[in-house]
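Here the structure comes first, spelled out in C-alpha cells, and everything after it is commentary.
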Amino acid sequence: MRPIVYAHRGASAAFPEHTRAAYVQALLDGADGVECDVHLSRDGHLVLHHDAQLGRTSDGRGPVSSRTLAELRRLDWTSWKGVRIPAHHGAPDRQLLTLPELLDLLRDAGRPVGLAVETKHPSPFGHRLEEEVLGLLMREGWDPETGRLDDVTVSLMSFHPDAVRHVLETVPARHVCQLVETTTRRTVRDSLRVRPATAAVLHAGMRFVVPPALPVISAGLVELVGPGLDFVRARPELVRQWRAEGRVLRVWTVDTARDVDLCRALGVQQLTTNRPADVLRWAGSPGAAAGVPVRARGSGPCRSRSAAATVR
C-alpha cells in the first residue's frame, strides 16, 4: 500500500498556496486529500490562510483577523507567485477561499477526498476558532464518529496542545492530529520574517506561549501524529516507536523522492506535500500525473482536463 498523499495548502508548488487554483490542481493531480490552515476574519468567516499576518501571500498588510471577508476579497492573492492562473482554475477575484467554499470544491470532486484542517494559534479568538470550525462542519452534515461529510473525510489538527485537547472533547482521537515540529531560531525567523535578534527572543519565549506537544502524544490522547520532516530526520527512533504503537503518521512537508523513501522506510502512512503529482509518482501510484476529474456538482463525468477543472 502506498502512503496517502495530502496536498499541502493545495498544489502549492504550482500555484499560490491556499488559492482555488492550488486546490483545483491538487485534485487534478490525483491527491488523496488536501490540507488547509484557517483563521477567523473580523466578521467571523473561516478564511484559508497560513500566516497570522497578511503580506507574504497578498498585497495586504496587518492581521488577517483585522479584516472583514469583503476586505480580504479585494486583495491580490496570486501575483506574488509569478505564475499565470488558467481560466478554468477560477477567476482572479475567486482565488481567496473560505472553508465552506473549499468543502464545496471537494464535494464536487466526484471521488472520496480527505481534508485536514489546521487551526492556527495563538489566535485572538482563542478556542472560538475551533468552535467555529466544528459548528460549520456539523451544520454541513459532518459525522464526528466516522469523520465523513459526504465523500469528504475530515480530520482536525493543530500545533497547540490546548487546541487539540479542546477538539478532543467533541471529536474521536482517530480524527485528531497533534502536529509536531523542531523549532529553531532559524525556523522562527523564516516563518515570522523577523530579524535574527528578534527570532532569538521569540524562540526563547515560545515555550511559555505554546506548551510542548509530545506529552499529548505520549499520553495516547491522539491517534494521528503529524511530525515535520526535520523532526523525522532528527528523531527517527521516536517515529518508529509511534508507528509500533499503532499511531497514524502524517509527515510534512515531503517534497523530494529522497524524503518519500525515508518516510516509507519508517512506515509513514500519510505524506503532506506541496508537489502531490510528483509524490504520488515517487510513491508508486500508477498514472497519478494524468489527473483525476473534478466535476461540478450535479454534472456528468468530466471528459477532459480542461473541463475537469471548471469551477463555479
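We count residues from 1, following the sequence as given.
In this model, a donor atom of one side chain and an acceptor atom of the other lie less than 3.5 Å apart for H166 and E131. A donor and an acceptor atom, one from each side chain of Q241 and E237, are nowhere located under 3.5 Å apart.
A donor-acceptor contact shorter than 3.5 Å links the side chain of W80 to the backbone of T57. Side chain of H49 to backbone of L96: no donor-acceptor contact under 3.5 angstrom is found. With hydrogens and angles disregarded, no donor-acceptor distance shorter than 3.5 Å links the side chain of R42 to the backbone of R67. Looking only at distances, a side-chain donor or acceptor of D59 sits under 3.5 Å from a matching main-chain atom of D76. Between the D230 side chain and the E181 main chain, no donor and acceptor come within less than 3.5 Å of each other.
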Q | side chain to side chain contact (heavy atoms under 4.5 Å, CB included) evaluation trace for L75 with L72 | A | CA-CA 6 Å; L75 299 178; L72 292 168; 4.1 Å; yes
Q) Can L115 and T153 be said to form a side chain to side chain contact (heavy atoms under 4.5 Å, CB included), step by step? A) CA-CA 6 Å; L115 171 61; T153 300; over 6 Å; no
Q.
Quick one, V248 with E223, criterion side chain to side chain contact (heavy atoms under 4.5 Å, CB included). Give me CA distance, side-chain angles, the key distance, then yes/no.
A. CA-CA 6 Å; V248 175; E223 294 182 19; 5.7 Å; no
(Q) Go through it in stages, so that I can follow the logic: the residues are L46 and L129, the test is side chain to side chain contact (heavy atoms under 4.5 Å, CB included), and I'd like the CA-CA distance, side-chain angles, deciding distance and then a yes or no. (A) CA-CA 8 Å; L46 290 163; L129 177 58; 3.9 Å; yes
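In this structure the side chain of V167 never reaches within 4.5 angstrom of the side chain of S158, judged on heavy atoms. With a 4.5 Å cut-off on side-chain heavy atoms, V251 and L229 count as touching. Taking the side chain as every heavy atom from C-beta outward, L266 and R240 approach each other to under 4.5 Å. Counting heavy atoms from C-beta on, the side chains of E17 and R56 come closer than 4.5 Å. P227 has its side chain within reach of V225: a pair of non-hydrogen atoms, C-beta onward, lies under 4.5 Å apart. The shortest side-chain heavy-atom distance between Q269 and R243 falls under the 4.5 Å cut-off. At a threshold of 4.5 Å between non-hydrogen side-chain atoms, the residues L54 and R61 do not count as touching. Residues P16 and W77 fail the side-chain proximity criterion, which asks for heavy atoms closer than 4.5 Å.
Ring geometry, H160 versus H121: the interplanar angle exceeds 60°, so the pair is classed perpendicular (tilted spans 30 to 60°).
Contact record, L27 with R111: O-NH2, 3.2 Å, taken as the closest heavy-atom pair. Contact record, P212 with P215: O-CD, 3.5 Å, taken as the closest heavy-atom pair. Between A277 and D29, the shortest heavy-atom distance links the atoms CB-CG, 3.6 Å. The two atoms that bring A31 and P276 nearest to each other are CB-CB, 4.0 Å, heavy atoms only. P172 approaches P144 most closely through the heavy-atom pair CD-O, 3.2 Å. Heavy-atom minimum distance, V83 versus A14: CG2-O, 3.7 Å.
Side-chain heavy atoms closer than 4.5 Å link hydrophobic residues (I, L, V, M, F, W, Y) into clusters, and following such links, possibly through other members, connects V38 to Y23. Criterion: ILVMFWY side-chain heavy atoms under 4.5 Å apart, direct or through other members. Under it, V239 and V180 are part of a common hydrophobic cluster. Under the 4.5 Å side-chain contact rule for hydrophobic residues, V254 and L238 share a cluster. No continuous path of ILVMFWY side-chain contacts below 4.5 Å connects I4 to M157, so the two sit in separate hydrophobic clusters. V117 and Y6 are members of different hydrophobic clusters when ILVMFWY side chains are connected at heavy-atom separations under 4.5 Å.
Remark: R247 CZ is packed, more than 12 non-hydrogen atoms of other residues, nucleotides or ligands lying under 6.0 Å away.
Distance check: L48 CG to C36 SG gives 5.0 Å after rounding to the nearest 0.5 Å. With values rounded to the nearest 0.5 angstrom, D150 atom CG is found 4.5 Å from R107 atom CZ. With values rounded to the nearest 0.5 angstrom, H50 atom NE2 is found 10.5 Å from S12 atom OG. To the nearest 0.5 Å, atoms CG (D151) and CG (L106) are separated by 10.5 Å. The line from SG of C263 to CG of L271 is 5.5 Å long, rounded to the nearest 0.5 Å. The structure places CZ of R20 at 12.0 Å from CD1 of I85, a figure rounded to the nearest 0.5 Å.
Using a 4.0 Å cut-off between a side-chain N of Lys or Arg and a carboxylate O of Asp or Glu, D261 and R264 do not qualify as a salt bridge. Between E71 and R73 there is no salt bridge, since no side-chain N of the basic residue sits under 4.0 Å from a carboxylate O of the acidic one. A salt bridge links R233 to D259: one of the charged nitrogens lies within less than 4.0 Å of a carboxylate oxygen. In this structure, D37 pairs ionically with R9, as a charged nitrogen and a carboxylate oxygen lie closer than 4.0 Å.
Applying the side-chain hydrogen bond (donor to acceptor under 3.5 Å, both in side chains) rule to pairs touching residues 168-177 yields E145-R174, sequence neighbours excluded.
For W242, the ring-ring contact (aromatic ring centres under 6.0 Å, His included) partners at least two apart in sequence or on another chain are F231.
Here the rule is side-chain contact (heavy atoms from CB on, under 4.5 Å) with V5, and of T272, D278, T273 only T273 fits it.
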